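Written out below as structure tokens is the structure these notes cover.
Heads up: numbering here begins at 1 and tracks the sequence. Model, not experiment: these values are computed from the prediction. Hydrogens, waters and symmetry mates are skipped; everything else that's a heavy atom, side chains included, is used.
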Amino acid sequence: MRHTPASVAQLGPSGVPDPSLLHLLWPKYLTARARSFAEERGRGARIAILAVFGLLFWSFIFGVLYRLLLYFRGVQEIGPLLAGKLLGLILIGFFSILLLSNVITALSSFFLAKDLDLLVSGPVDWLKLYGAKLLETIVHSSWMVVLMAVPMFAAFGIAYDGGWWFPLIAIAVFLPLLIIPGVIGSAVTLLLVNIFPARRTRDILSVIAVLAAGGIVLLFRVVRPERLARPEGFRSLVDFVAVLRTPTSPLLPSEWAQHATMSWLQFKLDFLPFYLLWSTASAAVVLGAILHRTMYLKGFSKAQESGVRWARSGFLHRFSMVVLRPLGILRRELVLKELRLFFRDTTQWSQLILLGVLVIVYVFNIKYLPLRSEGVTLFLRNIVPFLNLVLAGFVLASIAARFIFPGVSLEGRTLWLLRSSPMSMRDLLWAKFWVGTLPLLLLAVGIVGVTNYLLDVTVFMFVVSLLTIVFMTFAVAGLAIGFGTMFPQFETENAAQIPTSFGGLLFMMSAIAVIAGVVIFEARPVVSYLRARTFGEPTDPLGMTIGFGLAALLCVVVTIVPIRVALRRLENVER
């Protein structure tokens, strides 16, 4: 008989089963394998589509970095320094995202997972439980960053002739960079759960929001990346080179990883940063394990207590009743239901923290673009905000994937009750659409309005940017509702995992294609207008009308068609 880690557990000295770490991780592996090899219609086509788009995405990142690094390599003396600074900035971004993502993920892995009741009450060694949950947290919070890091390290390795051993060097550098934020995030979550009252996850995550926002903004102020884009701000070339040679912060693990990678690529291997990375990761795991043994059982016990919540009609409820009264009773209650469900699910609304911090950093860095320097023309100062619409659209698509796309899937088995009722599915879909679209629209207008004000654009570009982002928001929201209904995940245990499904990835690819289409349609009329303002060339009113008209038509079609397809899909669900 063939035994697996899931079927046999080791016996301890007293004869009590003592499951190994692999034994604890085996159910997760079996679940992932079952989902991967499940017999579903169109599975081969899905894998092919994901493979093609994944390769295109990797190729794009690799191509941009590779061309930039080739240019740096051709610059004598300061070229390697610029490449090192670029790598350091990327790794600092990765480290910041990993730190915050691990804090949020650890809350679910260590305290809210459904298998904890069995594991904590069973004969499981505390150290093995900590190792299993730590590994689970790191994998769930780091897989996207790992996918982004693959083409980045490939570009550096090929551009600087890293050789056949460079993949092992990259793994040796990046692996501790994943472990350190995982341990820190788990420890921070453990401390907060023990400090705050039971089930006060809202308070916990509010503290995380303040700490994360302040920490990341402080981190980027320490780095000051805008200085590298304005070398004329230094008194001499010597000062500029001195800044490039000086570490951003010798205490940051990302700086050690950058120094270790560049030392290999420059054929000046330095073992000190490797030692610092691995010794810090090992020490972090040991300290995290000690903290886990001391505080975990108390924190887990507090997390199982039910929170006290009074059902009362407060000011916000009365205000919502007045504002939504024109919608009628049915539509008003549907909207209120969506709002209650959103704020009731901690794993859903807590992701606002991560997105809010990223938006703050995004707007904060727009302010320091060197567009007011000497020699920057009116054309360049206004074309950059237009291209900024691509980044703003990508931010909107990411937020829609997190909050609008899972809307139908979160209904779960209650969809059967809604479908069996005399209520129209049209009302349900449009309620989900407007509840998700209006906050997204406010955020989109705010981002574009603030960034355009900071960049001091012309009135024409201000109006074009605002109208474009409004139409783009409706299109992205329509796509999210459509794909979320066509590819539902009713059996998921964690709402945060829904956007990473096949349907979520397909939605993101479609949203990026729509954003690219809108920008391409508007590029010619915008460039024509800016060239007329800058160089006195004649404008083309017909071309401008066609370009803006096609962009608006694309957004309208992409908004309406997916919702109609989703409505037909819901109406075909068995009663």
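- Closest approach of M486 to R569, counting heavy atoms only: O-NH1, 2.7 Å.
- Inter-residue side-chain proximity for F153 and T261 is flagged as met; some heavy-atom pair is nearer than 4.5 Å.
- Side chains of S465 and L389 form a contact here, defined as non-hydrogen atoms less than 4.5 Å apart.
- Taking the side chain as every heavy atom from C-beta outward, F487 and L506 approach each other to under 4.5 Å.
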Q.
Let's go through F394 and M508 carefully: what are the C-alpha distance in whole Å and the side-chain angles of both, what is the deciding distance for side chain to side chain contact (heavy atoms under 4.5 Å, CB included) to 0.1 Å, and is it a yes or a no?
A. CA-CA 9 Å; F394 184 75; M508 283 298 297; 3.9 Å; yes

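- Note that the CZ atom of F174 and the CG atom of L91 stand 7.0 Å from one another [nearest 0.5 Å].
- Across all their heavy atoms, L98 and S141 have their closest contact at CD2-O, 3.8 Å.
- In this pair, W434 and F474 present their aromatic rings perpendicular. The plane angle is above 60°, beyond the 30 to 60° band.
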Q) Could you go step by step and tell me if F111 and T189 meet the side chain to side chain contact (heavy atoms under 4.5 Å, CB included) rule? A) CA-CA 9 Å; F111 298 99; T189 302; 4.1 Å; yes

Q: Take L466 and V445, measure what side chain to side chain contact (heavy atoms under 4.5 Å, CB included) needs, and give me the verdict at the end.
A: CA-CA 6 Å; L466 287 181; V445 173; 4.1 Å; yes

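- In plain terms, the two heavy atoms of A397 and V476 that are nearest each other are CA-CG1, 3.8 Å.
- In this structure, the separation between NE2 on H140 and CD on E136 is 5.0 Å, given to the nearest 0.5 Å.
- Distance check, rounded to the nearest 0.5 Å: SG of C555 to CG of L479 gives 9.5 Å.
- Considering only residues two or more places apart in sequence or on other chains, T137 meets the side-chain hydrogen bond (donor to acceptor under 3.5 Å, both in side chains) condition with S109.
- With contacts defined as side-chain heavy-atom distances shorter than 4.5 Å, the pair F95/I180 qualifies.
- Minimum heavy-atom separation, A400 to P406: O-CD, 4.4 Å.
- Side-chain contact between N102 and I184 is absent, with no heavy atoms from C-beta onward closer than 4.5 Å.
- By the 4.5 Å heavy-atom criterion applied to side chains, L542 and I546 are counted as neighbours.
- For the atom pair I447 CD1 and T473 OG1, the distance stands at 9.0 Å (nearest 0.5 Å).
- T468 is linked by a side-chain hydrogen bond (donor to acceptor under 3.5 Å, both in side chains) to E522, counting only residues two or more places apart in sequence or in another chain.
- In this structure, P151 and I61 approach most closely via the heavy-atom pair CG-CG2, 3.9 Å.
- The two atoms that bring L178 and S142 nearest to each other are CD2-CB, 3.9 Å, heavy atoms only.
- By the 4.5 Å heavy-atom criterion applied to side chains, T485 and K432 are not counted as neighbours.
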Q: Determine, step by step, whether Y529 and F460 satisfy the ring-ring contact (aromatic ring centres under 6.0 Å, His included) criterion, reporting the C-alpha distance in whole Å, the side-chain angles of both residues, the deciding distance to 0.1 Å, and the verdict.
A: CA-CA 9 Å; Y529 171 81; F460 172 81; 3.7 Å; yes

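- A 4.5 Å side-chain heavy-atom check between W58 and F62 finds every atom pair outside the cut-off.
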Q: For the pair F433 and T559, evaluate side chain to side chain contact (heavy atoms under 4.5 Å, CB included) and give the outcome as yes or no after the intermediate values.
A: CA-CA 10 Å; F433 175 81; T559 303; 4.1 Å; yes

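- To the nearest 0.5 angstrom, L87 atom CG is 5.5 Å from M152 atom CE.
- Interatomic distance, CD1 of I90 versus CE of M148, reported as 8.5 Å (0.5 Å rounding).
- Checking V448, V518, V464 one by one against I469, the side-chain contact (heavy atoms from CB on, under 4.5 Å) holds for a single residue, V448.
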